[in-house]
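For reference, positions follow the sequence shown, starting with 1.
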Amino acid sequence: VLWINDVGQVIAYGLGSVFATFGTNGFRYVLLSGAALGVLTLVSRRALPETLPWLKRRPGSLRAIARQGLRRTPVRNAASAAALWFLHQVTGQGLTLFLPLIIALLWSESASQSGYTSILVKLLSLAGGAATIFVIDRWGRRPLQWVGFLGRGVGLLVLGLLVLANSHVPFWVAGGLLSVALAFGAMGPDKTTVIATAERFGTNMRASGQGEAEMVGRLGGVCGVLLFGALNGP
């Protein structure tokens with residue numbers, strides 16, 4: 001299921017590329033498409049029932065939820081999960097959002113062209129996300145997470161050094177390194193961060209623990225977007 005998230009990003013780049021040709025109103029259509037998909041999500045969510053284990057073991061009150069959340073083990077689990085979520089989202093959100101702009105700056109492409117190139121780069125990374133299905137239970141969550149963080153970091157570091165040394169990096173080199181970084185991110189942190197966090201908590205606290213960790217992760221996403229924006233500069 002998590003792999004479909006990567007497919008959604010590919011579709012998002014495609015919509016952005018199409019609407020970029022609509023002139024000054026293009027961004028409005030992008031926002032409108034997001035709102036329409038949000039309504040579709042709300043409708044489809046109504047068809048998903050709550051799980052039976054949660055219905056049987058859920059705390060009876062907010063006070064009971066808070067009391068369980070303050071126990072030592074859940075707090076420690078939440079803190080470590082939140083740290084991983086934060087680190088993942090700092091690079092993940094920034095890179096995903098600014099990928100078309102990065103490509104446009106690297107190869108002087110238009111907004112629409114860079115969107116289509118982003119689709120190509122992202123498609124090459126889908127294999128990494130698909131590989132998670134076959135290796136996550138063989139390797140384990142932690143090793144796969146380490147490999148993902150390391151692969152993404154090395155790919156981005158090498159590309160950054162090449163750009164600093166020579167602003168014009170061949171397409172196959174820069175595109176390959178971006179694909180590697182995205183593929184390792186999709187294979188490791190993007191999947192294991194979500195799965196491992198949910199598995200750290202019992203059924204009665206799983207949603208709350210996941211929500212707390214992901215909230216910190218979203219703060220990391222905000223930091224990542226601001227950081228990428230500041231580095232790209234005016």
N/O donor-acceptor pairs under 3.5 Å from side chains in residues 146-154, not counting sequence neighbours:
from   : atom 1 : to    : atom 2 : distance (Å)
Arg152 : NE     : Thr91 : OG1    : 3.4
Arg152 : NH2    : His88 : O      : 3.3
Arg152 : NH2    : His88 : ND1    : 3.3
Arg152 : NH2    : Thr91 : OG1    : 2.9

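- Taking the side-chain hydrogen bond (donor to acceptor under 3.5 Å, both in side chains) definition, one finds that Thr193 meets it with Gln145, sequence neighbours left out.
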Side-chain donor-acceptor pairs of residues 214-227 under 3.5 Å, sequence neighbours excluded:
from   : atom 1 : to     : atom 2 : distance (Å)
Glu214 : OE2    : Arg218 : NH2    : 2.7

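- In this structure, Tyr29 places its OH atom where only 12 or fewer heavy-atom neighbours from other residues, nucleotides or ligands lie under 6.0 Å away.
- The CD1 atom of Ile119 lies 9.5 Å from the CD1 atom of Ile11; values are rounded to the nearest 0.5 Å.
- Residues Val169 and Leu177 fail the side-chain proximity criterion, which asks for heavy atoms closer than 4.5 Å.
- Grouped with Leu31 in one hydrophobic cluster are Phe27, the linkage being side-chain heavy-atom contacts under 4.5 Å among Ile, Leu, Val, Met, Phe, Trp and Tyr residues.
- A 4.5 Å side-chain heavy-atom check between Thr96 and Tyr13 finds at least one atom pair inside the cut-off.
- Between Leu15 and Val30, every side-chain heavy-atom pair lies at or beyond the 4.5 Å cut-off.
- Linking Ile, Leu, Val, Met, Phe, Trp and Tyr residues whenever their side-chain heavy atoms come within less than 4.5 Å places Ile136 and Phe184 in a single cluster.
- Within the 4.5 Å cutoff, no side-chain heavy atoms of Val180 are placed close to those of Val158.
- Taking 4.5 Å as the limit, every side-chain heavy atom of Thr192 sits out of range of all side-chain heavy atoms of Leu84.
- In the hydrophobic clustering of ILVMFWY residues, with side-chain heavy atoms under 4.5 Å counting as a link, Leu157 and Leu87 come out apart.
- The distance from the CD atom of Gln9 to the CG atom of Leu123 is 11.5 Å, given to the nearest 0.5 Å.
- Here the CG-CG distance, from Leu178 to Leu159, works out to 5.0 Å after rounding to the nearest 0.5 Å.
- Sequence neighbours left out, the pairs with a member in residues 15-25 that pass side chain to side chain donor-acceptor pair (under 3.5 Å) are Asn25-Arg28.
- Cluster annotation: Leu99 is connected to Phe19 through the hydrophobic network of ILVMFWY side chains, with a link wherever side-chain heavy atoms come within less than 4.5 Å.
- For the salt bridge (Lys or Arg N to Asp or Glu O under 4.0 Å) condition, the pairs that include at least one residue of residues 111-134, sequence neighbours left out, are Asp6-Lys122.
- The structure places CG of Leu42 at 11.5 Å from CG of Leu37, a figure rounded to the nearest 0.5 Å.
- Closest approach of Gly175 and Val121 over heavy atoms only: O-CG1, 4.3 Å.
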